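Read the structure below first, then the notes.
Quick caveat: nothing in here was measured; it's all calculated off a predicted structure. Remember, it's 1-based here, ligands and their atoms both numbered in the order they're listed.
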Amino acid sequence: MASQNLQSVPAELSPEEQERERAGQAYFDRIIAEDSRIEPRDWMPEAYRRTLLRQVSQHAHSEIIGMQPEANWITRAPSLKRKAILMAKVQDEAGHGLYLYSAAETLGQSRDKMMQDLIDGKARYSSIFNYPAVSWADMGAIGWLVDGAAICNQVPLCRASYGPYGRAMVRICKEESFHQRQGFEILLELSNGTPAQKQMAQDAVNRWYAPALMMFGPPDDDSPNSKQSMAWNIKRFSNDELRSRFVGMMVEQVRVLGLTLPDPEIRFNEETKKWEHGPLDWNEFKDVLAGKGPCNAQRMERRRQAHEDGAWVREAAAAYAAKQAEKEHAA
Ligand code: FAQ
């Protein structure tokens, strides 16, 4: 494994610097081989730092953009209790974004720059948040399927080799479990309601099933980052492996809901001992990533507007911090 991490030491460095690079690489290789943790001040290969920054900042952006489809339903939730629960969930997503931006900042990039990259359309966020939430039942399907997929993908990330990311994921996963339960419960109640309510729940599951499966990323053969990320103990399982595990989880749970998954080709392969699903429309996935999904423009427009609307808060916080620093300096 260590040999995959080797980088050549740049010749333009002084002999002392070259020595430091070699020692840093040897330390990094040992930590990875021991399945231990890299911390912010440790030496790390530039490509490892960039890969993490990409994944963690994308993850943070997903949490922030991911607030939108559900926030849109807070005022329309069917009872005070449902409003309170949904509001708490959306606030949790904001918190996840903040832990993740903090973890990404330890890799040497400011939160302002990350946010600017998102606003300028230079950074990605999860494909799933470019789909519309058209009925109350979609709150159930998002909680059950989207948070369910997020948990399946993120529990292994609690063991990611980069300390700040892994530690952030522990708390995030605990909160995601609550989110999934609340989604499941919304669907269960609708499924046990009138025939029209049950149909609403089924329609929502039909809408969110395939996009949720695509959250795990492209098929392994088409996933340029997986191999190296797995060699570095960032990702622990491939995209297809996690997708298959997720299908297996959902097959069990959908029975309890009294609903069905819109995929007649789901089966357990006795030979490989893996769950298999029907074909997914990867052209649709590529379109969504290229900004051509049903809600990409709307999501970005809202984020830009929220950023502009929040300018006075950032200015006030900066002015307050400057005043405090001045006071401390004077004391
Ligand atoms: N959407 O080589 P791979 C949540 C990109 S949080 C958009 O396989 P990698 C909680 C990928 O970036 C959901 N882009 O890449 C919640 C790469 O492009 P790049 C977010 C995607 O990184 C619930 C290219 O395709 N979760 O739901 C997607 O090894 C409810 C090639 O792909 C995370 O971010 C996609 N689905 O694997 C919040 C988890 N998939 O960057 C609110 C952490 C792939 O080279 C409400 N991230 N791409 O230009 C990961 O586990 C990984 O980054 C993957 C992608 C698995 C997403």
Side-chain angles (χ1 to χ4, degrees), residues 47 50-73 86 88-97 99-100 103-104 117-118 121-131 133 138-160 162 165-166 168-169 172-173 175-180 182-183 208 210-232 234-243 246 280 282 284-291 293 296 299:
R50 274 202 316 271
T51 294
L52 273 162
L53 188 56
R54 175 184 65 78
Q55 177 164 330
V56 182
S57 62
Q58 282 179 9
H59 194 164
H61 297 328
S62 305
E63 301 281 357
I64 297 301
I65 298 279
M67 293 162 74
Q68 292 188 29
E70 289 170 295
N72 287 342
W73 274 93
L86 192 56
K89 181 183 189 289
V90 173
Q91 282 173 344
D92 283 352
E93 310 301 359
H96 298 174
Y99 313 146
L100 289 165
D117 282 352
L118 175 65
K122 291 185 194 156
R124 292 192 194 287
Y125 59 88
S126 182
S127 51
I128 192 78
F129 302 117
N130 293 306
Y131 290 87
D138 287 39
M139 296 303 99
I142 291 178
W144 180 52
L145 287 168
V146 176
D147 285 281
I151 294 169
C152 200
N153 166 266
Q154 291 170 22
V155 166
L157 291 174
C158 297
R159 293 190 290 120
Y162 189 58
Y165 189 33
M169 291 317 305
I172 291 177
C173 285
E175 293 179 352
E176 299 290 18
S177 301
F178 153 70
H179 296 171
Q180 196 201 15
Q182 69 86 39
W208 289 90
L213 256 58
M214 290 196 248
M215 280 174 76
F216 293 92
D220 292 351
D221 292 346
D222 206 13
S223 164
N225 301 301
S226 282
K227 198 165 163 235
Q228 182 60 79
S229 287
M230 287 169 75
W232 278 331
I234 299 172
K235 283 167 89 161
R236 297 289 175 159
F237 301 100
S238 75
N239 298 354
D240 286 335
E241 169 68 33
L242 290 173
R243 198 172 1 254
F246 175 65
L280 293 167
W282 292 108
E284 177 183 307
F285 177 75
K286 283 180 188 151
D287 279 350
V288 172
L289 261 59
N296 292 61
R299 301 290 186 239

Exercise. Any protein heavy atom sitting closer than 4.0 Å to atom 54 (C) of ligand 1?
Worked result: no

Exercise. Closest non-hydrogen protein atom to atom 25 (O) of ligand 1, residue and atom name please, with distance?
Worked result: L289 CD2, 3.7 Å

For this session: Report, in ascending order of atom number, the atoms of ligand 1 lying under 4.0 Å from any heavy atom of Q154.
Result: 6 (S), 26 (N)

Exercise. So which of F129, F285, Y131 actually passes side chain to side chain contact (heavy atoms under 4.5 Å, CB included) with P211?
Worked result: Y131

Problem set entry | pair E241-F216: side-chain heavy atoms closer than 4.5 Å | no

Seminar exercise, completed: Here the gap from M169 atom CE to R159 atom CZ, rounded to the nearest 0.5 Å, amounts to 13.0 Å

Seminar exercise, completed: If you compare Q180, H59, R54 by their heavy atoms, the one closest to atom 34 (O) of ligand 1 turns out to be H59

Seminar exercise, completed: The answer for which part of S223 has a heavy atom under 4.0 Å from ligand 1 is both

Exercise. How many angstroms lie between atom CD1 of I151 and atom CD of Q180, to the nearest 0.5 angstrom?
Worked result: 4.5 Å

For this session: Would you tell me which option among M169, Q55, E176 has the nearest heavy-atom contact to atom 47 (N) of ligand 1?
Result: Q55

For this session: Look up atom CD in E70 and atom CG in D92, then write down how far apart they are to the nearest 0.5 Å.
Result: 10.5 Å

Problem set entry | Nearest neighbour in protein (non-hydrogen) for atom 23 (C) of ligand 1 | D147 OD1, 3.3 Å

Exercise. Would you say E70 touches ligand 1, if touching means a heavy atom closer than 4.0 Å?
Worked result: yes

Seminar exercise, completed: Between L242 and C152, the two heavy atoms sitting closest are CD2-O, 3.7 Å

For this session: Identify, by atom number and element, the atoms of ligand 1 in contact range of Y125, meaning under 4.0 Å from any of its heavy atoms.
Result: 1 (N), 7 (C)

Exercise. Are any side-chain N or O atoms of D147 and backbone N or O atoms of E176, one a donor and one an acceptor, separated by less than 3.5 Å?
Worked result: no

Exercise. If you count the atoms of ligand 1 from 1 in the order shown, which ones are under 4.0 Å from a heavy atom of K235?
Worked result: 8 (O), 9 (P), 29 (O), 37 (O)

Exercise. When you measure from atom 28 (C) of ligand 1 to every protein heavy atom, which one gives the shortest distance, and what is it?
Worked result: F285 CZ, 3.6 Å

For this session: Quick one: look at V288 and ligand 1, take heavy-atom pairs under 4.0 Å, and tell me if it's side chain, backbone, both or neither.
Result: neither

Exercise. So which heavy atom in the protein is nearest atom 4 (C) of ligand 1, and how far is it from that ligand atom?
Worked result: A150 CB, 3.8 Å

Exercise. Just wondering, do R299 and P69 contact through their side chains at under 4.5 Å, heavy atoms?
Worked result: yes

Exercise. Judging by distance only, is a nitrogen or oxygen of N153 under 3.5 angstrom from one on ligand 1?
Worked result: yes

Exercise. Please state which protein non-hydrogen atom is closest to atom 49 (O) of ligand 1 and give its distance, to 0.1 Å?
Worked result: R124 NE, 3.0 Å

Problem set entry | Which residue and heavy atom of the protein sit nearest atom 57 (C) of ligand 1, plus the separation | M215 O, 4.1 Å

For this session: Measure the distances from the heavy atoms of H179 to every atom of ligand 1 and state whether one is below 4.0 angstrom.
Result: no

For this session: Return a yes/no value for N225: is any of its N or O atoms, backbone included, closer than 3.5 angstrom to an N or O of ligand 1?
Result: yes

For this session: Could you say whether the N/O atoms of P224 and ligand 1 ever approach to under 3.5 Å?
Result: yes

Seminar exercise, completed: Closest non-hydrogen contact found for A141 with W208 is CB-CD1, 3.7 Å

Problem set entry | Point-to-point distance, once rounded to the nearest 0.5 Å, from NZ of K89 to CD of Q182 | 6.0 Å

Problem set entry | Residue-ligand contact Y165/ligand 1, heavy atom below 4.0 Å | yes

Problem set entry | Which of the ligand 1 atoms, numbered from 1, are nearer than 4.0 Å to a heavy atom of Q58 | 12 (O), 41 (O)

For this session: Give the minimum heavy-atom separation between I128 and V146, together with the two atoms involved.
Result: CG1-CG2, 3.7 Å

Problem set entry | Nearest-contact summary for atom 44 (C) of ligand 1 - protein heavy atom, Å | P218 CD, 3.6 Å

For this session: Mind running side-chain contact (heavy atoms from CB on, under 4.5 Å) on N153 and M215 for me, showing each step along the way?
Result: CA-CA 9 Å; N153 166 266; M215 280 174 76; over 6 Å; no

Exercise. Is L157 touching ligand 1 with its side chain, its backbone, both, or neither, if touching means heavy atoms under 4.0 Å apart?
Worked result: side chain

For this session: Any atoms of ligand 1 less than 4.0 Å from a non-hydrogen atom of G217? List them with their elements.
Result: 40 (N), 44 (C)

Problem set entry | Side chain to side chain, S223 and S238, heavy atoms closer than 4.5 Å | no

For this session: State the atoms of ligand 1, each with its element, that fall below the 4.0 Å cut-off from a heavy-atom position in K89.
Result: 30 (C), 46 (C)

Seminar exercise, completed: Interatomic distance, OG@S126 vs CD@Q58, rounded to 0.5 Å, equals 9.5 Å

Problem set entry | Separation of L86 CG from Q91 CD (nearest 0.5 Å) | 10.5 Å

Exercise. Can you find a heavy atom in the side chain of N225 that is under 4.5 Å from one in the side chain of R54?
Worked result: yes

Problem set entry | For atom 42 (C) of ligand 1, closest protein heavy-atom neighbour | E93 CD, 3.3 Å

Seminar exercise, completed: Per side chain to side chain donor-acceptor pair (under 3.5 Å), H96 is matched among Q154, E175, H59 by E175

Exercise. Out of A71, P211, S127, who gets a non-hydrogen atom closest to atom 36 (N) of ligand 1?
Worked result: S127

Seminar exercise, completed: Counting from 1 in the order shown, the ligand 1 atoms closer than 4.0 Å to a non-hydrogen atom of G66 are 42 (C), 46 (C)

Exercise. Hey, does N239 come in under 3.5 Å of ligand 1, counting only N/O atoms on both sides?
Worked result: yes

For this session: Could you tell me which atoms of ligand 1, counted from 1 in the order shown, lie closer than 4.0 angstrom to a heavy atom of F216?
Result: 56 (C)

Seminar exercise, completed: Smallest heavy-atom separation, A94 atom then M67 atom, equals CB-CE, 3.6 Å

For this session: Give the contacting part of M67 toward ligand 1: side chain, backbone, both or neither, where contact means a heavy-atom distance below 4.0 Å.
Result: neither

